[in-house]
Every structure is written in C-alpha cells, then in structure tokens.
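All remarks here apply to the structure that follows.
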Amino acid sequence: MALPININELLHGNTIEWDRIELKKGWNPEDIVHSLCAFANDINNWDGGYIIVGVEEENGIAKLPPLGLNPEQMDSFQKKLIELTYKISPSYVPVSQPYAINGKHILIIWAPAGDNRPYKAPVSLSDKRPEKAWYIKRGSMTIKVKESSDDERRLLELTARIPFDDRINQQSTLNDLSLHLIQEHLKEIMSSLYEESTKISFSDLCKQMKIAKGTDENLRPTNAGLLMFNENPDKFFAGAKIEIVVHKGKVGKDYSEKIFTGSIVKQLRDAMSFIKSNIFQEYVSKAPNQAEAVRYFNYPYQAIEEALVNAVYHKSYERENPVEIQVHPDKIEILSFPGPMPPIDKKMLKMERVVAREYRNRKIGSFLKELKLTEGRGTGLPIIYRSLEENGSPPPVFETDDDRNYFLCTLPIHPLVKTILGSEEELSGDIDKQFIFKNLIEINPYLSLSVSSLGDRDREAIRNSISPKAKQILECCLEPKTRDEIFELIGFYKNTKNFQKHIKPLIDAGWLKLTQPDKLTSRAQQYFTSELGEQLMKTIAAIHGSGIERTPVASSTIASVGYDAEKQILEIELQHGAIYQYLDVPKEVYNRLMNAGSIGSYFMNEIKNKFEYHTK
C-alpha cells in the first residue's frame, strides 16, 4: 500500500527535514533496526521519520538518481523487516513500500513515533550479544543511549506519554473523519495513496495514514485526524478556531469581529484570505533622485502567514482558547495558548533564531509541512524577521510570561504607512497630535522618501529629533575627523559622557561611520558621515524651507497663504501647523481666495478637493 506522502518531495528533503530521513545504500539489518528504534522513541516529538534503502547519502542529502536495489530481493527485504520489528520491544510496527525511481528500485520504510515509549532494540543481531539498548536520533545520526545520561532521563520521562494530537479520541468514531477531506489532502500533496484511496476500505486508509488507532473492532480517530479531516473540529475541541478582531481606532467599541472554523487547514486558508482582502495593502512612494518608486506593504504577507501557522501549529487543543488575531491601526497581534515548550523562555524569544527541543503537536506539524504551510524546525521566527526586514518594517516582538502561559507575536506596521495615514488625517482635521520618534534609528525608513511625501507630523518629529550638535557633527564629518577634532569643533570636552551622548547615537543610527570598524580603540580612528547621514542632512535642509513666502491671513482654519506664480503652486499653512502645496492652481484662484469673505470656506469648497496636492 502506498505511503501518504509525496515520494519525490521526500527524496529531495522538501517536506521532511533531512534529520528525519536516514539514507542507506544497501540492506544493513543491524543499522536499520537501530534506526527504527530511534524513530520509535521520537525523543524530540518530531513524529518519527523515514528510512530509505537503496539511496546513497552525499553531503547529508540524497544522491540522485538512486543506486537502487535488486528488485528480486524486495520481497525478501520486506519479510526481513517484519522479523526485525519483532526484535524491538515493546511491540512496534513500521510501514514499508517499494518504489521505482528513474528505473531504480528502492524501499521506503515509514517509522512513525511509537505510542509505548521507550523502545529497545538488540545491540547486535549476533546470538553472542543478546542485550538490548535504547536508541535515539541526534540530528541525522542514530546513537545508543548511555546509562545515567541526560538522554536516558529524558527518554524515561516519555514513558507511555503520547502527545495530545496523536492520542485516540474516545468520543469519536471513524464516521467523524471525512473521506472527501482526506482525498483532497492526498491529492494536493500528490501522494500515490490518493489513487489507492478509492480501492481500499476507509478503515485501512485511516490506519495507513496513522489518523486512526486501535483494534479493528474499536478503531477510532486520533485528535490530529479530527483536527485535519473533520468539517467541524470545534465540536470536539472548543479552541479549534481562529478569531480576528479589526479595531478601527483605539481599543474600544469600534471594531469588527470574524470567526473562522472548519478543519485547521481551512481555518488557516480562510483567515489568510480574509487578511489578504481586508488588511494586506501595498503602497508606492516616490524616492528622491530615483526613477523607480519605493514599494512596500503595510505588513509582509509571509510574516503574517508564518506567525499564524506557527500559532495554529504550536497551540494546545486541550484548552478552549482560540487563536486570537487583533488588528490595530499600527500593529497586528497574534495570541495563542499556552506559551512555548521548555527550555524556550521569554529571554530566548528575544533571539532571532530559536530551536525547540520538543514539539507539542507532532502529527499536525507533519501534515502542515506536507502541505508546505510551514517549513523545517527552527525556521519560523527567522522567516518572520527576514520578511519584515526585506519590507523595511520594524522587527517583530515575541513575548511570553515566566510560566509560559501564552505566546504573543506582534508585527508592527511599516512606518511609512503611518506617514501616509497621518497626512490624510491631518488634511481632514481629524487629528492634531505631536508625533515623537522613540530613537534615532526609527527615522531611517523616512529617509528613502522625498520630503514632499512625508507627513507634517513626521517632518516635525524629524526636526525635533535632530539636535543642533548632531547636525554640526554630521556636517563637520563630511570629511573624516578624529574624536579630538570633533569635540574641538562642537566646543565640548573630550570625555566618555559626551561621546555616549553626542557621537555614539549617530553611529548606532548608521549616520556616522568609522574608518577602522574592526579596531574601535585605535588611535588612528576617524569618523565620517555615511550616505544615510548625508541623506538625513538633505532631508533636514529641505524640511526647513520651501522657498515660497506666505502671508498671514485672518481665518480660524488657515494661518498663512503663499503663491508661486511661475510654478502655479499654492501653499497653505493650516492653524495646527500642517503645510500643503496645491499644484497647477491658476493665479485667479489664488486671487479669489485672498479676496474671499471667508478664506476658510473658499478653501474648503473651491480648492481642497479640486487640486492635486502634496504635504511639505
């Protein structure tokens, strides 16, 4: 009977990590029984693995095309495999199937995690050495467990412990599994078991996929089987759903809510479809001195998807808490319960790469990997970091508490989206609030845009964040300067306190560079303004003046008005400080504005929504 996996993907390590695959160029029964024992013990809850006989290993991956086995020996190998499994205690039954790849015959043995850990296998198949030992996987290697070792302690802790998703659900029957969903899954992953699924009994199909366990008289679905292949798993697991709450403003009554149910794959795909249609947006801004515009997203799609899949994969389905997604104007929060498995704690979550020692849902993880909804172990957080960085977004924040009661992933919105939204709100008069950068590094994304593309709050924040001394240092370091020269030019004493206050923040922001970055304490060390620092200086210079003189006017809405007759630019300064330039405005419109009985009314009715504008 075919295996419930795409064999080509397996051979290329695309859906199963190489650590879970052992390649054997020939039949070596002693090696194979040790590997079977190690996969059965599944010390890391990775859901066992695969032994591929007839394929050589080269640099840790399969050497293709395969070396192959003698097809006339296939039946003999499978009979010997049965004999080997009898030597493992307690009883353990893997699944094997021969395949022909590029005209070569190979034998694939699926060795799922056992339900009765720990397992022992003979140290040797020789009659002279009857003793047995525990074996486990250590990376891609099978090793014998040493007595009184940490590995032995961990293995004994797993005695008769089955992860929740791999347990039998006693409240269900085979009728609760959907043949339609099972076949959809097999067809999508292009498993050859899809063709056989119409020819074998439903119970045999479920047993072959390891989504049902028990005797033939009392065969029942596993929890993973119900979560993957039941139309309404929330009937069995109250927390098997995803809730999305979209807040229109500050957290309060102005929000909308959407709940996604169905199989966990359907939940994931429906939730991501909703996010793509209602939350995910692309923006285009013109960059200075560049022909191409700057393109970015409010949130990179891959980061949201990875964070959501991570929550569905690693949450506990024994608890009633759903996966919660809170969409705020400036961030997305994805909350799941409980928190990460030990030894991961809140300190480790501050690292960009975290590799768990154990996994909560081994079966669900395998199914999601087959569908390519998630990748290998330890890749989730790096993917989120990388996709946010490539989008120009701030880094994510991962949190839990001391007791690991929850896992919270926060994805901040792209800072330039705040600029665009802020400009729109300012023009409509909806806000009048000062914006402050928390640190100098937050200014950098704004430097990729022209000054006219920046919102007024952002320009004001940049103005207020750059001290006169910082501007003086950047100006004097257009040519490399020593520390002594810098302090002499700005008129400060040379000491650590002044260095930390005035120079180091510019280095941390990337505006000031070192001529000898590998020799920080070198006496020959000099400092120079970077390209980013030069762009900041240009931005500051552009912010401080438009070249259009404005005349104060008597209006509760407008503070001053200016006009460039040659360029036909009308410049309006509002009372709260925002400045807008309206393009292609005829001089007679400017004259009528200045002579209107109510300048504010004329502006609102005849100019505001009738001419293209940009903020300054």
Side-chain angles (χ1 to χ4, degrees), residues 285-290 294 392 394 415-416 418-419 422-423 426 433-517 520 525-550 560 562 571 573 576-579 581 614-616:
S285 298
K286 184 68 175 68
N289 304 319
Q290 291 185 19
V294 177
L416 297 183
K418 294 181 185 178
T419 298
S423 297
E426 287 165 357
K433 183 180 178 182
Q434 187 180 16
F435 175 45
I436 300 173
F437 289 108
K438 295 177 183 177
N439 55 62
L440 298 181
I441 297 174
E442 291 188 352
I443 296 176
N444 290 339
Y446 296 79
L447 302 182
S448 63
L449 299 179
S450 62
V451 175
S452 63
S453 300
L454 296 174
D456 295 300
R457 291 189 307 149
D458 305 309
R459 282 179 291 176
E460 184 66 26
I462 294 173
R463 251 197 310 260
N464 295 335
S465 298
I466 310 302
S467 68
K469 290 298 180 187
K471 287 186 285 186
Q472 194 176 355
I473 291 171
L474 292 174
E475 287 170 0
C476 82
C477 288
L478 289 172
E479 295 293 332
K481 297 287 189 300
T482 65
R483 191 183 298 194
D484 289 350
E485 290 173 324
I486 294 173
F487 281 124
E488 185 179 348
L489 285 166
I490 65 175
F492 280 0
Y493 289 112
K494 176 191 171 184
N495 56 41
T496 302
K497 181 180 178 181
N498 283 332
F499 178 82
Q500 293 288 335
K501 182 178 180 180
H502 297 287
I503 297 179
K504 191 174 184 301
L506 303 182
I507 297 172
D508 293 341
W511 302 340
L512 206 60
K513 295 287 188 181
L514 284 67
T515 55
Q516 299 188 53
L520 300 180
Q525 187 70 264
Q526 291 184 304
Y527 304 85
F528 64 94
T529 303
S530 66
E531 290 184 8
L532 193 62
E534 292 181 13
Q535 182 58 48
L536 172 72
M537 294 171 64
K538 292 177 184 177
T539 300
I540 293 172
I543 284 173
H544 279 82
S546 67
I548 299 177
E549 292 187 11
R550 293 191 303 271
S560 62
E571 189 168 283
E573 179 190 13
H576 58 71
I579 300 172
Q581 290 184 339
H614 59 231
T615 57
K616 204 176 72 50

Output side-chain donor-acceptor pairs under 3.5 Å for residues 472-481, partner residues at least two apart or in another chain, one line each.
residue	atom	partner	partner atom	Å
Gln472	NE2	Leu489	O	3.1
Lys481	NZ	Cys476	O	2.9
Lys481	NZ	Glu479	O	3.3

Which atom names give the shortest non-hydrogen contact between Gly533 and Thr529, and what distance separates them?
C-CG2, 3.7 Å

Can you tell me how far apart CG (Leu512) and CD1 (Ile486) are? Round to the nearest 0.5 Å.
6.0 Å

Hey, are the side chains of Ile507 and Phe499 touching, using non-hydrogen atoms and a 4.5 Å cut-off?
yes

Does Gln516 CD have over 12 foreign heavy atoms under 6.0 Å away?
yes

Would you say that Thr515 contacts Gln525 through its side chain, given a criterion of any heavy-atom pair below 4.5 Å between the two side chains?
yes

Residue pairs involving residues 472-494 (criterion ring-ring contact (aromatic ring centres under 6.0 Å, His included); sequence neighbours excluded)
Phe492-His502

Considering all heavy atoms, the nearest Leu532-Gly510 contact
CB-O, 3.9 Å

Are there more than 12 heavy atoms of other residues, nucleotides or ligands under 6.0 Å from atom CD of Glu531?
no

What one should report as the nearest heavy-atom pair of Lys469 and Ile490 is NZ-O, 2.8 Å

Is there a donor-acceptor contact under 3.5 Å from the side chain of Ser530 to the main chain of Lys513?
no

Donor-acceptor contact below 3.5 Å, side chain Gln526 vs main chain Leu514
no

Tell me, which pairs form a salt bridge (charged side-chain N to carboxylate O under 4.0 Å, His left out) where one or both residues lie in residues 492-507, sequence neighbours left out?
Asp484-Lys494, Lys504-Asp508

Heavy-atom distance under 4.5 Å between the side chains of Trp511 and Leu440, does that happen here?
yes

CE-CD1 distance between Met537 and Ile466, expressed to the nearest 0.5 angstrom:
11.0 Å

Scan side-chain atoms only and decide if Glu573 and Ser560 contain a donor-acceptor pair under the 3.5 Å cut-off.
yes

How far does CD of Glu488 sit from OG1 of Thr482, to the nearest 0.5 angstrom?
8.5 Å

